Amino acid sequence: MKFIHAADLHLDSPFEGLQRLPKALWQQIHQAPFNATKKMVTDAIEQKVDFVLLVGDLFDRETQSVQAQVFLNEQLQRLCDADIAVFVSFGNHDYLTGDQQLTLPEGVSVFGSDVTTKQLTTADHTRVAISGFSYADRWLAEDVIPQFPKRGTADFQIGMLHGAVKQGDDNHYAPFTVSELTGTHYDYWALGHIHKPSVLAEQPPVIYAGTIQGRHKLEAGQHGYQLVSSRGQRLTRQFVPADQVRWSSLTLTVDEDTTDASLINAVQTALTQRQSTVFELIELRLNGIEKLSASMLSRLNDGTWLERLDQTQKKTYSKAQAWIYEVNVQPTDQPVQYAQLDAAYWQRAQASVFTPDNVELTAGKLMQYPFIAEHLRDPKTTANLTDRAKNELLAQSRLEEENDADHND
Ligand SMILES: [Mn+2]
């Protein structure tokens with residue numbers, strides 16, 4: 001018995017924030033979730049799996065584009081034509097609505113909003129029971145694990161669950177605890193919702209397949225699906241990459257001799273030296289910025305240098321299989337001397353200005369969206385804002401220093 005566990009295809013993701021990219025490249029990125037899904041389907045056919053589990057968020061939005069619907073239908077039809085069973089549950093992004101227009105090929109089993117169990121006997125006579133449900137709404141605050149049936153007499157029982165581990169009071173996505181899941185004595189829990197591939201338990205496996213295609217810098221690294229096969233009563237599993245573009249970072253060190261052109265050269269050299277089999281979208285991180293000239297620092301901060309790099313990478317990205325989409329100057333470990341700013345004053349101001357409360361206040365109504373609230377409450381976000389302010393101040397302070405020096409001459 002062999003199956004694929006995939007989740008969070010997020011077909012038709014808008015990839016906002018990448019509008020600066022050349023059109024052909026943006027299209028390549030927009031197509032990436034589609035092509036990652038296509039690869040998974042091709043693999044399923046070549047590997048002759050018995051069934052495929054798709055655990056929610058197949059589409060990015062509740063109103064799917066015709067293109068995304070047609071595409072998913074074609075791909076699921078390819079599986080059906082190869083006698084591969086398909087089990088689908090919808091998640092918080094593509095929850096079942098009353099006027100659902102989506103029609104899937106016959107032979108695809110879709111879970112409704114109540115937990116139900118579907119039975120399957122594979123070609124090698126293995127009896128498999130699969131329990132799951134779909135979201136009926138954008139949010140599901142209730143713990144649904146008690147609604148999952150007791151393990152039956154099938155050779156393998158699998159749970160499909162699009163949800164998040166219970167934490168604090170804000171639980172919008174079918175909250176559960178890992179011990180609740182392992183306590184069911186199912187043989188495998190196929191999870192969706194969290195986009196980073198991760199293993200919550202090994203015995204039995206409680207696994208997030210992760211999104212099949214990373215869609216922004218917070219979804220860096222490899223993405224794909226789980227290929228699971230049985231040997232006797234044992235299940236072995238393997239993560240298989242399927243992503244078509246990958247988010248990563250590159251760190252370079254700059255110094256007082258760094259110029260616009262030399263930094264572009266250093267980037268180009270570093271890009272040719274890396275070993276990646278897929279196209280990479282790269283965040284450039286720069287160390288040693290305290291040695292840079294004031295003008296260089298402000299060109300890095302205000303995006304002027306990146307615009308210049310874009311002119312070069314427009315010609316080279318296709319060969320380099322990489323695109324630098326952002327530059328971040330790394331905070332320095334050494335104490336920075338601000339000419340017009342007392343360091344102690346800055347320390348005090350920093351502590352009182354960049355607080356989680358102030359961030360929430362500034363974000364205002366945006367905080368009602370759980371994913372935005374989660375991002376803004378992350379201490380890393382506050383730290384990032386602080387670093388950006390610090391870099392701006394440093395550049396400003398350098399310019400003032402240089403202006404003063406000019407006046408003194
Ligand atoms: Mn998702």
Side-chain angles (χ1 to χ4, degrees), residues 4 6-46 52 54-82 86 88 90-91 93-94 101-102 104-105 108 192 195-197 209-226 239-248 271 274 276-283 310 313-326:
I4 278 177
D8 297 276
L9 310 180
H10 283 272
L11 296 174
D12 223 6
S13 288
F15 288 99
E16 276 153 8
L18 293 178
Q19 280 84 352
R20 271 186 333 109
L21 269 53
K23 209 167 171 212
L25 178 55
W26 187 86
Q27 266 158 358
Q28 183 184 337
I29 295 165
H30 181 257
Q31 284 302 311
F34 293 95
N35 288 330
T37 302
K38 198 185 264 180
K39 178 189 174 351
M40 182 269 291
V41 168
T42 303
D43 290 355
I45 295 165
E46 280 173 5
V52 171
L54 300 174
V55 195
D57 289 3
L58 279 62
F59 299 104
D60 193 56
R61 287 165 280 189
E62 60 263 41
T63 45
Q64 301 107 24
S65 68
V66 173
Q67 184 213 4
Q69 286 191 11
V70 168
F71 171 84
L72 186 69
N73 257 287
E74 282 170 1
Q75 297 309 314
L76 298 186
Q77 190 62 54
R78 286 176 68 206
L79 291 171
C80 294
D81 291 348
V86 184
V88 170
F90 291 106
H93 275 265
D94 53 5
Q101 291 298 306
L102 182 66
L104 294 174
V108 173
H195 286 186
K196 188 180 166 62
T211 179
I212 201 158
Q213 170 62 60
R215 296 168 310 137
H216 47 75
K217 65 192 281 192
L218 302 176
E219 297 178 357
Q222 286 192 332
H223 286 272
Y225 62 85
Q226 293 284 328
F239 171 80
V240 183
D243 50 356
Q244 307 291 304
V245 290
R246 204 165 284 164
W247 299 81
S248 68
L271 290 185
R274 69 193 222 298
S276 174
T277 48
V278 297
F279 194 99
E280 285 187 307
L281 288 162
I282 299 174
E283 173 200 1
D310 281 359
Q313 55 181 357
K314 264 179 197 159
K315 292 174 221 138
T316 57
Y317 79 88
S318 160
K319 188 157 178 280
Q321 285 294 293
W323 181 272
I324 308 274
Y325 66 92
E326 189 176 276

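FYI, side chains are in, hydrogens and waters are out, and symmetry mates aren't considered; it's all heavy atoms of this structure. Keep in mind that what you see is a predicted model, and the values were worked out from it rather than measured.
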Enquirer: Starting at NE2 of H216, measure out to CG of L218 and round the result to the nearest 0.5 Å.
Expert: 5.5 Å

Enquirer: Determine yes or no for a side-chain-to-main-chain donor-acceptor pair under 3.5 angstrom, with R215 supplying the side chain and P14 the backbone.
Expert: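 A pair under 3.5 Å: no.
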
Enquirer: Let me see the working for H10 and F59 under side-chain contact (heavy atoms from CB on, under 4.5 Å), right down to the final yes or no.
Expert: CA-CA 4 Å; H10 283 272; F59 299 104; over 6 Å; no

Enquirer: Taking all heavy atoms of V55 and all of A7, pick out the closest pair and write down the distance.
Expert: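 Shortest heavy-atom separation between V55 and A7 comes out as O-CB, 3.7 Å.
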
Enquirer: What pair of heavy atoms forms the shortest contact from W26 to L18, and how long is it?
Expert: CD1-O, 3.5 Å

Enquirer: For residues 28-35, please give each side-chain donor-acceptor pair under 3.5 Å, one per line with the distance, not counting sequence neighbours.
Expert:
from	atom 1	to	atom 2	distance (Å)
H30	NE2	D12	OD1	3.1

Enquirer: For a quick check under 3.5 Å, do N73 and Q69 share a side-chain donor-acceptor pair by atom type?
Expert: no

Enquirer: Heavy atoms only: give me the nearest A209-P197 pair and the separation to one decimal.
Expert: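 Taking A209 first and P197 second, the nearest heavy atoms are O-CB, 3.7 Å.
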
Enquirer: Can you name the nearest heavy-atom pair linking D310 to I324, along with the distance?
Expert: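 The pair with the smallest heavy-atom distance is OD1-O, 4.4 Å.
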
Enquirer: Should Q67 and L11 count as side-chain neighbours, where that means a heavy-atom distance under 4.5 Å?
Expert: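 Result no, sub-4.5 Å side-chain heavy-atom pair not found.
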
Enquirer: Any salt bridge between K39 and D43, counting N to O under 4.0 Å?
Expert: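 Looking at K39 and D43, the cut-off is met.
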
Enquirer: Out of the candidates Q213, K196, H195, R246, only one should pair with E219 under the side chain to side chain donor-acceptor pair (under 3.5 Å) rule; please name it.
Expert: H195

Enquirer: Closest heavy-atom contact between W247 and K217?
Expert: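 Closest pair (atom of W247, atom of K217, distance): CE3-N, 3.7 Å.
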
Enquirer: Under 3.5 Å, is there a donor on one side chain and an acceptor on the other for Q75 and T37?
Expert: no

Enquirer: For K38, look at atom NZ and say whether over 12 heavy atoms of other residues, nucleotides or ligands are found less than 6.0 Å away.
Expert: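 At most 12 heavy atoms, drawn from other residues, nucleotides or ligands, come within 6.0 Å of this atom.
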
Enquirer: Taking ring pair (Phe, Tyr, Trp, His ring centres under 6.0 Å) as the test, write out the residues that go with Y317, two or more places apart.
Expert: W323

Enquirer: Using modelled atom types only, decide if a donor and an acceptor are shared between the side chain of T211 and the backbone of D8 within a distance under 3.5 Å.
Expert: yes

Enquirer: Does a side-chain heavy-atom distance below 4.5 Å link L54 with L76?
Expert: yes

Enquirer: When you look at I4 and V240, which way does the side-chain contact (heavy atoms from CB on, under 4.5 Å) test go after all the steps?
Expert: CA-CA 10 Å; I4 278 177; V240 183; over 6 Å; no

Enquirer: Quick check for you: to the nearest 0.5 Å, what is the distance between Q77 atom CD and L104 atom CG?
Expert: 10.5 Å

Enquirer: Hey, could you give me the CG/CZ distance between L25 and R20, rounded to the nearest 0.5 Å?
Expert: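 Here the interatomic distance stands at 11.0 Å.
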
Enquirer: Please confirm whether the backbone N or O of D243 pairs with a side-chain atom of H223, one donor and one acceptor, at under 3.5 Å?
Expert: no

Enquirer: Taking all atoms of both residues into account, what is the closest heavy-atom pair of R274 and A320, and its distance?
Expert: NH1-O, 3.1 Å

Enquirer: Does a side-chain heavy-atom distance below 4.5 Å link L281 with L21?
Expert: yes

